[in-house]
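Only a predicted model underlies this, so the values are computations on that prediction, with no experimental measurement involved. Below, chains carry the letters A, B, ... as their sequence lines are ordered, and counting in each starts from 1.
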Protein chains: 2
Amino acid sequence: MKKTNNISEFLLENNIKPSYQRLKIFEYLYVHKTHPTVDEIYKALKGEIPTLSKTTVYNTLKLFVDKGVVIIINIEDNETRYDADTSLHGHFKCEKCGNIYDFNVHDNGLTIDLKKFKIKETHIYIKGICEKCIN
Amino acid sequence: MKKTNNISEFLLENNIKPSYQRLKIFEYLYVHKTHPTVDEIYKALKGEIPTLSKTTVYNTLKLFVDKGVVIIINIEDNETRYDADTSLHGHFKCEKCGNIYDFNVHDNGLTIDLKKFKIKETHIYIKGICEKCIN
DNA sequence: GTATCTGCAAAACATTTGCAATTCT
DNA sequence: AGAATTGCAAATGTTTTGCAGATAC
């Protein structure tokens, strides 16, 4: 399978051994750009991989995050979501349908393609090392 | 006490009956701009209010968020933090010391007073109603 | 005296950990 | 065989819920 091979190579390039579970979990994230939760990934793959456990989904996602091929999205406090797109972009969550949309973030600030969306809350989180801790 | 009266009035203006616990919890958030967790608030006030329960802290914070006088900060996935400053501003978390710093977000985009800080991750979350759900 | 508010105890979830079984090479 | 991976079961930690007692008006 061409796509599977590509994903396999991509994982290898990032020092991740492409086991069957890892391939399937990454593929799911790569194909379904819905920023799924652990439970959503688990339920979606359970049919295809009947022996799959949630622990493996947790382990695998943590590995992906550590290796930098997946990022965590904390747009809500009661759910951790995952995204295989690690490039800088914003996330818009509709409070009605629950969908999470990606939007572009430009260098010169935040120019949003959300003109038709009704914005209620904006959260900007940056992580790194502060002035005192750099030394 | 002047400050307490101010907080009391502020809560009343926002349709929150200023009980002793509510006053103290809001005062804590207002004075300590460290974006504390439920547990931090609970432990900090337990001495002053020996009968305080964590349930009350949870209940009260939920009430504050519902009434719009406090916002939730989800900068990490394993901790929910709270902020009595509901104006638009960004949060920077130092991965070393754990401190969370506020920074300004200007109208024309994201101009950050973080020039001396080392940025590792940027997360921009917007919530509202999407195009499809507005109608 | 009725509403509301508080707080204990239990339940519900999400996530992590220990360890044994399985798989891969 | 030896090392890594998987997955069950139990533990942990956080947040929610039900309900009874306390408090306020």
Which of the following nucleotides, [options], is nearest to the side chain of [X]?
{"X": "A/Ser19", "options": "D/dT6, D/dT5, C/dG7", "answer": "D/dT6"}
{"X": "A/Ser53", "options": "D/dT5, C/dC5, D/dG7", "answer": "D/dG7"}
{"X": "B/Thr55", "options": "C/dT16, C/dT6, D/dT16", "answer": "D/dT16"}
{"X": "A/Arg22", "options": "D/dT5, D/dC8, C/dC5", "answer": "D/dT5"}
{"X": "A/Tyr58", "options": "D/dT6, C/dT6, C/dT16", "answer": "C/dT16"}

Distance, rounded to the nearest Å, where [X] contributes [atom1] and [N] contributes [atom2]:
{"X": "B/Lys67", "N": "C/dC5", "atom1": "NZ", "atom2": "C1'", "value": "14 Å"}
{"X": "B/Asn78", "N": "D/dT15", "atom1": "CG", "atom2": "C1'", "value": "14 Å"}
{"X": "B/Asn59", "N": "D/dT14", "atom1": "CG", "atom2": "P", "value": "17 Å"}
{"X": "A/Asp66", "N": "D/dT5", "atom1": "CG", "atom2": "P", "value": "13 Å"}
{"X": "B/Asn15", "N": "C/dT4", "atom1": "CG", "atom2": "C1'", "value": "15 Å"}
{"X": "A/Lys17", "N": "C/dT23", "atom1": "NZ", "atom2": "C1'", "value": "11 Å"}
{"X": "B/Lys24", "N": "C/dC5", "atom1": "NZ", "atom2": "C1'", "value": "18 Å"}
{"X": "A/Asp39", "N": "C/dT16", "atom1": "CG", "atom2": "P", "value": "15 Å"}

Counting any heavy atom closer than 4.0 Å, what does [X] reach on the DNA or RNA strands: base, sugar-phosphate only, or nothing?
{"X": "A/Thr56", "answer": "base"}
{"X": "A/Gln21", "answer": "sugar-phosphate"}
{"X": "A/Lys54", "answer": "nothing"}

Any side-chain heavy atom of B/Glu121 sitting closer than 4.5 Å to one from B/Glu95?
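Answer yes - side chains close enough.
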
Taking the side chain as every heavy atom from C-beta outward, state whether B/Tyr42 and B/Thr56 have any pair of such atoms under 4.5 Å apart.
no

DNA chain D: B/Thr80 or A/Pro50, which has the more 5' nearest nucleotide?
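That would be A/Pro50.
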
Map A/Tyr42 and A/Asp77 onto DNA chain D by nearest heavy atom, then report which one ends up closer to the 5' terminus.
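Comparing both residues, the 5'-ward one is A/Tyr42.
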
Looking at D/dT15, which nucleotide sits across from it as a Watson-Crick or G-U wobble partner, both distances under 3.5 angstrom, or is there none?
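Its partner is C/dA11 (Watson-Crick or G-U wobble, both distances under 3.5 Å).
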
Watson-Crick or G-U counterpart of C/dA3, or none if no pair lies under 3.5 Å:
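None - no nucleotide pairs with C/dA3, as no candidate has both distances under 3.5 Å.
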
Would one find a side-chain N or O of B/Lys62 under 4.0 angstrom from OP1 or OP2 of D/dT15?
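Answer is no, no contact under 4.0 Å.
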
Looking only at the aromatic ring of each residue, does the gap between the centers of B/Tyr30 and B/Phe10 stay below 6.0 angstrom?
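So the answer is no for these two rings.
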
Should we count NZ of B/Lys46 as having more than 12 external heavy atoms under 6.0 Å?
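Counting other residues, nucleotides and ligands, NZ of B/Lys46 exceeds 12 neighbours.
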
Taking the inter-plane angle between the rings of A/Phe92 and A/Tyr101 on a 0 to 90° scale, is it parallel (under 30°), tilted (30 to 60°) or perpendicular (over 60°)?
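The arrangement is tilted - the two ring planes meet at 30° to 60°.
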
Judged by modelled atom types alone, do B/Asp102 and B/His91 share a side-chain donor-acceptor pair under 3.5 Å?
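The criterion, which ignores hydrogens and geometry beyond distance, is satisfied for B/His91 and B/Asp102.
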
